Number of protein chains: 2
Amino acid sequence: MPSDHPLDDTPARAGNQRAADAIVTAIEQDIVSGLLENGSPLPPERDLMGRFGISRTVVREAIATLTTRGLLESKPRHRPIVRRPGYDAAFSAVGGVVSHLLRQDGGVKTLYDVRIFLEASLVRHAALHARKEDIAALRTALEQNRAAIDDPVLFDNTDVAFHAIFYRILGNPVLPAVHRAFVTWLFEHWQSMNRSAEQNLIYYAGHKAIFDAIIDRDPDAAEQALLVHLGEAWETVRGTF
Amino acid sequence: MPSDHPLDDTPARAGNQRAADAIVTAIEQDIVSGLLENGSPLPPERDLMGRFGISRTVVREAIATLTTRGLLESKPRHRPIVRRPGYDAAFSAVGGVVSHLLRQDGGVKTLYDVRIFLEASLVRHAALHARKEDIAALRTALEQNRAAIDDPVLFDNTDVAFHAIFYRILGNPVLPAVHRAFVTWLFEHWQSMNRSAEQNLIYYAGHKAIFDAIIDRDPDAAEQALLVHLGEAWETVRGTF
DNA sequence: ATCCACGTTTGGTCAGACCAAATCTTTATG
DNA sequence: CATAAAGATTTGGTCTGACCAAACGTGGAT
């Protein structure tokens, strides 16, 4: 029964320019309307081509388009998965371009500088406006970070988790996505940094300095501590690429 | 003469998984290496399929991929144009997802809040670190903004130009691209705001207040002035969508 | 020199086919 | 009876060949 779909039996033939656009918007609608559930796989290509009365060529093109728009997440040999896009999707959609830009000249440093600037503003904001539950979260994360000094992998995770809190305090959903993007893109180029426990100790001290400045409600000290911390981190890894 | 290309006569057949990737990277190389000049059109599809020994299907898929990566800029019925991607390309690549996100719930406000936060940090930075040429640029832009109070279109342009300077002071190429993205995305939803001259006067006053605080080297005042200014702007347009 | 009709190039789409990886089914095994 | 191995089916990736309409280039008419 092909006629349970709102845009069924749409000819889209002979005369229409860009037939792909039609089915793109159709599937788009089905996704945002929830008719296609988030996380579920898209129907097979041959199915769709029957449903819309178009060739597989166009179906594939539409899938590609929707993938770049972040509404589908398609791995090479698998069915595309429906994704109601969040702010993360926006950043993952640019992955391709960014990886290019990072490969050029001082690309990584450029991005890292943006992170430094933004995160400095965030810790300043935290020092001024962090609520007690934010501070509690920071304290917990800091403690977990300290406990992981001897475990390289776990230390990295707790490190990221600590920084992530600053991006959450604002309450704006874009910023956590920005942070995840930073982590993804920068870690890509920081591979195998095999830091020692002493190195981790320095990092932890950096985290603690930031935290202390925040509970002191001293935005300048917090910002300064973060700049020092991220500066140290940069010096540590600058040679690895 | 098909053999002047480094990746010519690559079979890419029978056994190779994902033939498209090969030619994607090949064309990618040609673009970054300058063999394909920026701004020039890509060779015709049938040409490429001959060059690489692949079907047009794969050629088209590769073109689609490169387009999403920002290396090609393809309009519907025209030849794709080679683009050495800059940071702007990254943001224009997400246009699709973002327009989606902006349509949802408080999407525009969410993005606007990010802009407010970032720009507040930027004016603070400007108050602390702006060099004299930066201040000169601000002064010029402010003057042009004042002169355009009675011209709605020109006022908008000078308005944007004034704010743009703050994104440039850092010297990081990402931030101007961020600004252009903000302008593109937010203006898309601020259409036809037909402001009056009095309204423009208020805006100009906001700009001047920021500028004055910066030449006073007072970061807190500058930040506050910007928050007030952007807050006013928001109140003006909040009903228009 | 300018402009319009013409033929050619080229992107967009369709149809049918094949292969190999994924997935589902069935059967053999502990 | 659960589980793992073997087989059948689905499905994405690619190829070939074809057609149409828009874009482009060419040359003649004004």
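Predicted, not measured: the structure shown is a model, and the values here were computed from it. Letters go in sequence order (proteins before strands), and every chain restarts at 1.
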> Between A:R84 and A:E37, is the closest basic N to carboxylate O distance under 4.0 Å?
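Salt bridge flag = no for A:R84 with A:E37.
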> Polar-atom pairs under 3.5 Å, protein N or O versus N or O of nucleotides 5-11 of chain C: list them with distances, or write none.
unit_1 : atom_1 : unit_2 : atom_2 : d
C:dG11 : OP2    : B:E45  : N      : 3.0
C:dG11 : O3'    : B:P76  : O      : 3.1
C:dG11 : N7     : B:R46  : NH1    : 2.8
C:dG11 : O6     : B:R46  : NH2    : 3.1
C:dG11 : N2     : B:R77  : NH1    : 3.1
C:dG11 : N3     : B:R77  : NH1    : 3.3

> List for me each residue that meets side-chain contact (heavy atoms from CB on, under 4.5 Å) alongside A:P43, sequence neighbours excluded, and say none if there are none.
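Per chain and number, A:P43 pairs via side-chain contact (heavy atoms from CB on, under 4.5 Å) with A:L36, A:D47, A:L48, A:R51.
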> List for me each residue that meets salt bridge (charged side-chain N to carboxylate O under 4.0 Å, His left out) alongside A:E73, sequence neighbours excluded, and say none if there are none.
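By the salt bridge (charged side-chain N to carboxylate O under 4.0 Å, His left out) rule, A:E73 matches A:R83.
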> Which angle, to the nearest 10 degrees, lies between the helix axes at the two ends of the helix from C:dA1-D:dT30 to C:dG30-D:dC1, each defined by five pairs?
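Inter-axis angle at the termini of the helix from C:dA1-D:dT30 to C:dG30-D:dC1: 30°.
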> Test of understanding: with ring-ring contact (aromatic ring centres under 6.0 Å, His included), list the residues that count as partners of B:F117, not counting sequence neighbours.
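Counting only residues at least two positions away or on another chain, B:F117 forms a ring-ring contact (aromatic ring centres under 6.0 Å, His included) with A:H125.
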> Write out all pairs satisfying ring pair (Phe, Tyr, Trp, His ring centres under 6.0 Å) with one or both partners inside residues 75-113 of chain A, taking only residues at least two apart or from two chains.
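Applying ring pair (Phe, Tyr, Trp, His ring centres under 6.0 Å) to every pair that reaches into residues 75-113 of chain A, excluding sequence neighbours, yields A:Y112-A:W190, A:Y112-A:W234.
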> Return the value, rounded to whole Å, for the distance between atom CG of A:D21 and atom C1' of C:dG12.
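Checked: the CG to C1' distance equals 11 Å.
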> What integer distance in Å separates A:I63:CD1 from D:dT14:P?
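Result: 13 Å.
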> What salt bridge (charged side-chain N to carboxylate O under 4.0 Å, His left out) pairs are there with at least one residue in residues 161-187 of chain B, not counting sequence neighbours?
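Sorted result for residues 161-187 of chain B: B:D88-B:R180.
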> Of all residues at least two apart in sequence or in a different chain, which pass the side-chain contact (heavy atoms from CB on, under 4.5 Å) check with B:V94?
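Applying side-chain contact (heavy atoms from CB on, under 4.5 Å) to B:V94 gives A:A90, A:A93, A:V94, B:V98, B:W185.
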> Whole angstroms only, please: what is the CD1-P distance between A:I81 and D:dT11?
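Going from CD1 in A:I81 over to P in D:dT11 covers 15 Å.
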> Quick one: side-chain contact (heavy atoms from CB on, under 4.5 Å) partners of A:A120, sequence neighbours excluded?
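Here the qualifying residues are A:E223, A:L226, A:L227.
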